[in-house]
Every structure is written in structure tokens, then in C-alpha cells.
Amino acid sequence: MTTSDITKVQLTELLSSWKQGKITAEELQNWMVTHYDPPEVVIGKGEPEWTQEAMNIVMNEYEIAKIEKFRLDNAQFAIDFVNCSEANFNQTKHLFIQDGFSD
């Protein structure tokens, strides 16, 4: 089995591209569906545990959520969560989960 890595920088750049309108929500989700498969992909290699967990949560949510629920106006919450510290992990997670998507 071949493994590949998804880096924090790569994920942050992808989210920033969506936030800036360089890619659509559909393209964001398609990237997640294509690249995020935990058995074959190493997420955040070399990053702290909380960063790896944040990356997995963000990627999982954008992979499974309905595109019409994505909130472009709150894309920064996903970026902030991926770039969180151990001290603000729970706060940034809450903002992303609660406000990153419409109900």
C-alpha cells in the first residue's frame, strides 16, 4: 500500500484558496474526497497531536457535509482550527463546528 502525506501548509493553502474564491466549494469537497482516506494518507506528519486531530476533523467535515451547508464567510474558522495551539484547540474547534456550516 502506498501512503501519501497531507501537510498542514497544504491544507491551509487549500482552505485559503476557497476563502479567496480561487476554488469553489465543490472543488474543495472533491479534493477532500479524493485525497482524504485515512488508511492510505498520513495527515499532518510531524505536527503536534492537536494539529493532526484538527486537520482530520476539518477534512472529515468538508468531505461529508453537504456543499450547500459550507459557509464561505466563516472559512477562517477552519484555517484557525488547523493552525490552533494546544491552549486554544477546544475554542477553535467549537467555532469551526458551530459556525463553519449552516444548519
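The minimum heavy-atom distance between A78 and V58, with the atom names listed, is O-CG2, 4.1 Å. F101 approaches A65 most closely through the heavy-atom pair CE2-CB, 3.8 Å. Nearest heavy-atom pair across T92 and F81 is OG1-CD1, 3.3 Å. The two residues V41 and H35 make their nearest non-hydrogen contact at CG2-O, 3.1 Å. Scanning all heavy atoms of the two residues, the minimum distance from F89 to I57 falls at CZ-CD1, 4.5 Å.
Here the CD atom belonging to E86 is positioned 9.5 Å from the OG1 atom belonging to T51, to the nearest 0.5 angstrom. Note: I79 CD1 to T12 OG1 = 7.0 Å, rounded to the nearest 0.5 Å. Within the model, atoms CD of E61 and CG of N56 stand 11.5 Å from one another, a figure rounded to the nearest 0.5 Å. For the atom pair M55 CE and K8 NZ, the distance stands at 8.5 Å (nearest 0.5 Å).
With contacts defined as side-chain heavy-atom distances shorter than 4.5 Å, the pair M59/W31 qualifies. Considering only heavy atoms from C-beta on, I67 stays 4.5 Å or farther from T24 through its side chain. Side-chain contact between L15 and L28: present, with at least one pair of heavy atoms (C-beta onward) separated by less than 4.5 Å. Between N88 and D80, every side-chain heavy-atom pair lies at or beyond the 4.5 Å cut-off.
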Practice prompt. Dump the intermediate steps for side-chain contact (heavy atoms from CB on, under 4.5 Å) on N60 and Y36, then the final yes or no.
Written response: CA-CA 8 Å; N60 184 61; Y36 181 61; 4.0 Å; yes
Discussion item. For a side-chain contact (heavy atoms from CB on, under 4.5 Å) check, start with the C-alpha distance between N74 and L95, then their side-chain angles and the critical distance, and finish with the verdict.
Written reply: CA-CA 9 Å; N74 285 342; L95 287 171; over 6 Å; no
Practice prompt. For M32 and L11, run side-chain contact (heavy atoms from CB on, under 4.5 Å): C-alpha distance rounded to whole Å, both residues' side-chain angles, the deciding distance at 0.1 Å, then the answer.
Written response: CA-CA 10 Å; M32 298 297 177; L11 181 55; 3.7 Å; yes
Item to complete: Please report the C-alpha distance between Y62 and Q29 in whole Å, then the side-chain angles of each, then the deciding distance to 0.1 Å, and finally whether the side-chain contact (heavy atoms from CB on, under 4.5 Å) criterion is met.
Response: CA-CA 6 Å; Y62 283 123; Q29 187 169 62; 5.8 Å; no
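In this structure, K69 contributes its side chain and D103 its backbone to a donor-acceptor pair below 3.5 Å. Side-chain atoms of E47 do not come within 3.5 Å of backbone N or O of Q52 as any donor-acceptor pair. Between the side chain of E13 and the main chain of Q10, no donor-acceptor pair closer than 3.5 Å is present.
Put simply, V82 and L72 are part of the same group of oily side chains (I, L, V, M, F, W, Y) that touch within less than 4.5 Å, one to the next. In the hydrophobic cluster analysis, where Ile, Leu, Val, Met, Phe, Trp and Tyr join through side-chain heavy atoms closer than 4.5 angstrom, V33 is grouped apart from F70.
Around CD of E49, the count of heavy atoms belonging to other residues, nucleotides or ligands within 6.0 Å does not exceed 12. Surrounding CD of Q91 are at most 12 heavy atoms belonging to other residues, nucleotides or ligands under 6.0 Å away.
For the ring-ring contact (aromatic ring centres under 6.0 Å, His included) test, no residue two or more places apart in sequence or in another chain qualifies with F77.
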